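What follows is a set of notes on a single structure, which appears directly below.
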Amino acid sequence: MQQEIRKQVIKNAYMHGGKADISSVVGKLISINPDAKKDMKTLMGTIRKYVDEVNAMGADQLEEIVNTEYPDILIKEKKEERHELPDLPGVNGSVVMRMAPSPSGPLHIGHSRMAILNDEYVKRYGGKLILRIEDTNPGNIDPDAYTMIPEDLKWLGVDVTETVIQSSRMEFYYSEAKRMISEGYMYVIEENQQEFHDLKLKKVPVKERDADPSVNLEKFDKMISGHYSEGEAAVVMKTDINHPNPSIRDWIAFRINTTEHPLTGSKYSVYPTMNFSVSVDDHYLGLTHVIRGIDHLVNTEKQKYVFMYNNWKIPEYFHYGFITIPDTILKTTIIKEGIKSGKYSGWDDIRLGTLKALKKRGYNPETFRKYWVRSGMNKSNATFSWEIFDSMDREIIDYNTERYSFVPHPELISLQNAEPLKSHALLHPQRPDSGFREYSIPAQASVYFPGDEIDKINEGEVIRLKDLCVAVKKGNKLVYSNIEPEGRVKIIQWAPENSGDIQIFHPDGNIDKGKLEPLATEKRGVVQLERYGYVNLDGKNGYFLHK
RNA sequence: GCUCCGGUGGUGUAGCCAGGCCAAGCAUUAGGGACUCUCAAUCCCCCGACUCGGGUCCAAAUCCCGGCCGGAGCACCA
């Protein structure tokens, strides 16, 4: 133990400018030998003795001791860290989890967090991932969403085990409601929304709250049969009328909405609220764990009353924090209006933050998984980083992405080469055996060159046309040179004279027009256009992915 | 206004429940270098942080008290 103390003091001093610190050394020693805690006085005394001794040494003496007695201090260890989601508590063999969107439109990048976190755990533990479409507000449904949402999930690599559509379960919700009304947990009100809200604020119960259940049952039957109009009656779940949070005091469980439903038409007009249908479904579908955003934190508290009244086992709940996604259009209403007005071409317009748009730009679906696993499920509010996201995407795609040449703002330049030239360029610099591109350039030919780069080259300056030849600037021109330059010179891409036109659309709305080398004309999918960036090619259009 | 959740390098996070192995780890951006016929990829280097004050303790990013800052909910939307 004395030897270990001495070693740690010397190590600490060596790594911190020759001065050891008692606190740091004691911490290290206790981690090595926790029993030493029992006699702190002695330990402190011993350490202080060695610290004083070592701190009085000169740098030479300290280094001498390290080199002769403790050379392993010099070995630097790099710590590695694996990025995984933490284990879930309360797992009993397998899990049942869910993804529960409202069908107002397709998924966007924010939704992908919930989808992937839930999917990751089902993949880890086994069990079920339930896609539950929560379409109990007929006024806010896009019929196309019923197919767009499963498509988006499939693209993300999320494996849905079972799909449930809430509008197909109304009779079941009604029978659950009747049971809970007759058991005294729910009641029917005839006050309007404002009156009910005001009473709650004052902690005053509605007069029907304690009526005989048979009275409330009768009123519920009248609601279902269409006796009331919108706003004239609603079903309420009893909670605690004196709860410190006013929104938790007796919440609405069913309301009347006579809008036609895209799937059920006008068959129903009494719809459950989210807090009722979610509670009932979570129980009967056997949910074990629920992961969702922090905006649902209060809803979790409300829903627990349903579980408590029915003696149902409560799932484990996790809420992740609010995340701001900068420079990204996500709001469904804004997008819909834009599509209608012609501003956006559709849900996959690359200026949007929908998954369809990000897919069109060429993002790899694995990037989403990697980003959200790395972010985890902590409750902090955060800002999404496109920089980190793009870096992850590059890491995933680069090795398999072929290189081609694109010339933005092209100008034809005459090289004045006396002899024909031949270019030879690899499809991938790290994989030379994966192929190459070659072009023959006849004598006295012209090639396309980026117009805005010419002015950046000085008179007499020598450059390389990448994989083709050396050229020198004379006047306003670039002329072929057969003199190999010394040292490094600028390397700039070009394209042959028979290259075709292409437009490259950027997510900020800018469009670059230029020439794409002929061997890329039939290429589809993500490529790297050298010195320009990664682009998803689609005929005469390309969609800019990232640099 | 009421209720709740947070705050760790520019950004995103690990660590916090169970004080010591953290004079804080990892990633990414910025900056520098190597390699290099790409403004790419890869490798190396560098820079930079526990919201503030107090308490407890040999020892606090971690526990306790108070302030400050940020966010969410308060719909008969989800």
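Numbers restart at 1 for each chain; the letters A, B, ... are given by sequence-line order, proteins then strands. Just so it is clear, the structure is predicted and the values come from calculations on it, not from any experiment.
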Dump every N/O contact between nucleotides 74-78 of chain B and the protein below 3.5 Å, one line per pair.
from: B/A75; atom 1: OP2; to: A/His197; atom 2: ND1; distance (Å): 3.0
from: B/C76; atom 1: N4; to: A/Glu191; atom 2: O; distance (Å): 3.2
from: B/C76; atom 1: N4; to: A/Gln193; atom 2: N; distance (Å): 2.9
from: B/C77; atom 1: OP2; to: A/Arg255; atom 2: NE; distance (Å): 3.2
from: B/C77; atom 1: OP2; to: A/Arg255; atom 2: NH2; distance (Å): 3.3
from: B/C77; atom 1: O3'; to: A/Arg255; atom 2: NH2; distance (Å): 3.2
from: B/C77; atom 1: O2'; to: A/Asn137; atom 2: ND2; distance (Å): 2.9
from: B/A78; atom 1: OP1; to: A/Thr136; atom 2: OG1; distance (Å): 2.8
from: B/A78; atom 1: OP1; to: A/Arg255; atom 2: NH2; distance (Å): 2.8
from: B/A78; atom 1: OP2; to: A/Met274; atom 2: N; distance (Å): 3.3
from: B/A78; atom 1: O3'; to: A/Glu134; atom 2: OE1; distance (Å): 2.8
from: B/A78; atom 1: N6; to: A/Asn299; atom 2: ND2; distance (Å): 3.0

Inset, instruction - Validate the cation-pi geometry between A/Arg431 and A/Tyr399: distance from NZ or CZ to the six-membered ring centre under 6.0 Å, angle to the ring axis within 45°. - result: yes

Inset, instruction - Keeping to residues at least two apart or across chains, list the side chain to side chain donor-acceptor pair (under 3.5 Å) pairs with something in residues 461-472 of chain A. - result: A/Arg464-A/Glu484, A/Lys466-A/Glu530

Legend entry - Proximity to the side chain of A/Ile30 - top-ranked nucleotide from B/U29, B/G20, B/C58: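 Of the options given, the side chain of A/Ile30 lies nearest B/G20.
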
Inset, instruction - Can you tell me the pairing partner of B/G25 across any strand shown, Watson-Crick or G-U wobble, with both distances under 3.5 angstrom? - result: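 Result: B/U13.
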
Inset, instruction - Using Watson-Crick or G-U wobble geometry with both distances below 3.5 Å, tell me the partner of B/U3, or none. - result: B/A72

Inset, instruction - Classify every nucleotide of nucleotides 33-40 of chain B by which part a protein heavy atom approaches to under 4.0 Å, writing B for the base, S for the sugar-phosphate alone and - for neither, in 5'-to-3' order. - result: ---BBBBB

Inset, instruction - Could you label the plane-to-plane angle of the A/Phe220 and A/Tyr174 rings as parallel, tilted or perpendicular, counting under 30° as parallel and over 60° as perpendicular? - result: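 It falls in the perpendicular class, over 60°.
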
Legend entry - Any donor-acceptor N or O pair under 3.5 Å, side chains A/Asn275, A/Thr273: no

Legend entry - Partners meeting ring pair (Phe, Tyr, Trp, His ring centres under 6.0 Å) with A/Tyr543 (sequence neighbours left out): A/Phe505

Legend entry - Listed partners of A/Lys304 passing salt bridge (Lys or Arg N to Asp or Glu O under 4.0 Å), at least two apart: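 A/Glu301.
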
Inset, instruction - Describe the nucleic acid contact of A/Ile294 in one word from base, sugar-phosphate, nothing, applying a heavy-atom distance below 4.0 Å. - result: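 Result for A/Ile294 = sugar-phosphate.
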
Any N/O pairs under 3.5 Å between the protein and nucleotides 10-12 of chain B? List them or say none.
from: B/G12; atom 1: OP1; to: A/Thr383; atom 2: N; distance (Å): 2.5
from: B/G12; atom 1: OP1; to: A/Thr383; atom 2: O; distance (Å): 3.4
from: B/G12; atom 1: OP1; to: A/Thr383; atom 2: OG1; distance (Å): 3.3
from: B/G12; atom 1: N2; to: A/Arg374; atom 2: NH1; distance (Å): 2.8
from: B/G12; atom 1: N2; to: A/Arg374; atom 2: NH2; distance (Å): 2.5

